[in-house]
Amino acid sequence: MKANSVNELMRDTGAILCVECGKCASACPMTEIFQDFSYEVSPRGIVEKALFGFDLLTDVGIWFCLTCDVCTELCPAGVRFRDFVQGVRALAIEEGVTEHGVFCERCGEFVVPMHTVKYIQDMTRGQDSAGDYLRFCPSCRQYEFTAKLKEMRPGRRVLGA
Ligand code: SF4
Ligand code: SF4
């Protein structure tokens, strides 16, 4: 069920039970992937800010997580950080914070954080294939690619021609 506030999300995902052990941050793949990774954007850092009542909806740190869920598996307190950060992102988008996300060109659904896209573009040196893949949400991507495949079908007859 969708949460209406960060406090509700903290209860629903167990973030309120965090014992600040740091296991999540030490296992998080962001530490090896992002050069601009810091404690402030780590799962522990984000949960700590939530516990201290900082405004997470305008915090750029919520857009770093790769949603791999490794931290959830390791957390001794049962905090479901991935669910927490995805819920916070949804609330932020509802509040009009859209500059940190990429949204599907077809249906408008949130696809992926801009931070992740910039990283992929840097790694692929701006090759178009990466950009194409991320312009649509998974179901619209399937629709677009199926339409493209149909266009490529040998002997395709164009209706009305
Ligand atoms: S692993 Fe769990 S309890 Fe430990 S800091 Fe991370 S969220 Fe908190
Ligand atoms: S879900 Fe996010 S915060 Fe947790 S380990 Fe994966 S990238 Fe790190």
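Quantities reported herein were computed from a predicted structural model and do not represent experimental measurements. Whatever order the structure lists them in is the order used to number ligands and atoms, beginning at 1.
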Worksheet entry | Per-residue contact class, D69 against ligand 2 - non-hydrogen pairs under 4.0 Å |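 It is the backbone that gets close, since no side chain atom is under 4.0 Å.
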Discussion item. Below 4.0 Å, non-hydrogen atoms only: which portion of T72 touches ligand 2? Side chain, backbone, both or neither.
Written reply: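 No part of T72 comes within reach of ligand 2.
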Which protein heavy atom lies closest to [atom], and at what distance to 0.1 Å?
atom: atom 2 (Fe) of ligand 2; answer: C65 SG, 2.3 Å
atom: atom 8 (Fe) of ligand 1; answer: C18 SG, 2.3 Å
atom: atom 4 (Fe) of ligand 1; answer: C21 SG, 2.3 Å
atom: atom 3 (S) of ligand 1; answer: V19 N, 3.3 Å

Worksheet item: With a 4.0 Å cut-off, would you call K2 and E94 a salt bridge?
Response: yes
Group every Ile, Leu, Val, Met, Phe, Trp and Tyr by side-chain heavy-atom contacts under 4.5 Å, then state whether [X] and [Y] land in the same group.
X: M123; Y: L66; result: yes
X: F103; Y: M114; result: no
X: L51; Y: L91; result: yes

Discussion item. Between Y119 and F34, is the ring centroid distance below 6.0 Å?
Written reply: yes
Discussion item. Using 30° and 60° as the class boundaries, would you call the ring planes of F54 and F52 parallel, tilted or perpendicular?
Written reply: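 F54 and F52: perpendicular rings.
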Worksheet entry | Sub-4.0 Å heavy-atom approach of C24 to ligand 2 | no
Practice prompt. Please assess F84 against I46 for the test side-chain contact (heavy atoms from CB on, under 4.5 Å), listing each intermediate value before the final yes or no.
Written response: CA-CA 10 Å; F84 175 69; I46 296 289; 4.1 Å; yes
Discussion item. Regarding C75, does it place an N, O or S atom less than 2.8 Å from atom 2 (Fe) of ligand 1?
Written reply: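 A backbone or side-chain N, O or S atom of C75 is under 2.8 Å from atom 2 (Fe) of ligand 1.
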Any idea which atoms of ligand 2 are less than 4.0 Å away from a heavy-atom of [X]?
X: C28; value: 3 (S), 5 (S), 7 (S), 8 (Fe)
X: F81; value: 3 (S)
X: C68; value: 1 (S), 5 (S), 6 (Fe), 7 (S)
X: C71; value: 1 (S), 3 (S), 4 (Fe), 5 (S)
X: L66; value: 2 (Fe), 7 (S)

Worksheet item: Would you say P43 contacts ligand 1, with heavy atoms under 4.0 Å as the rule?
Response: no
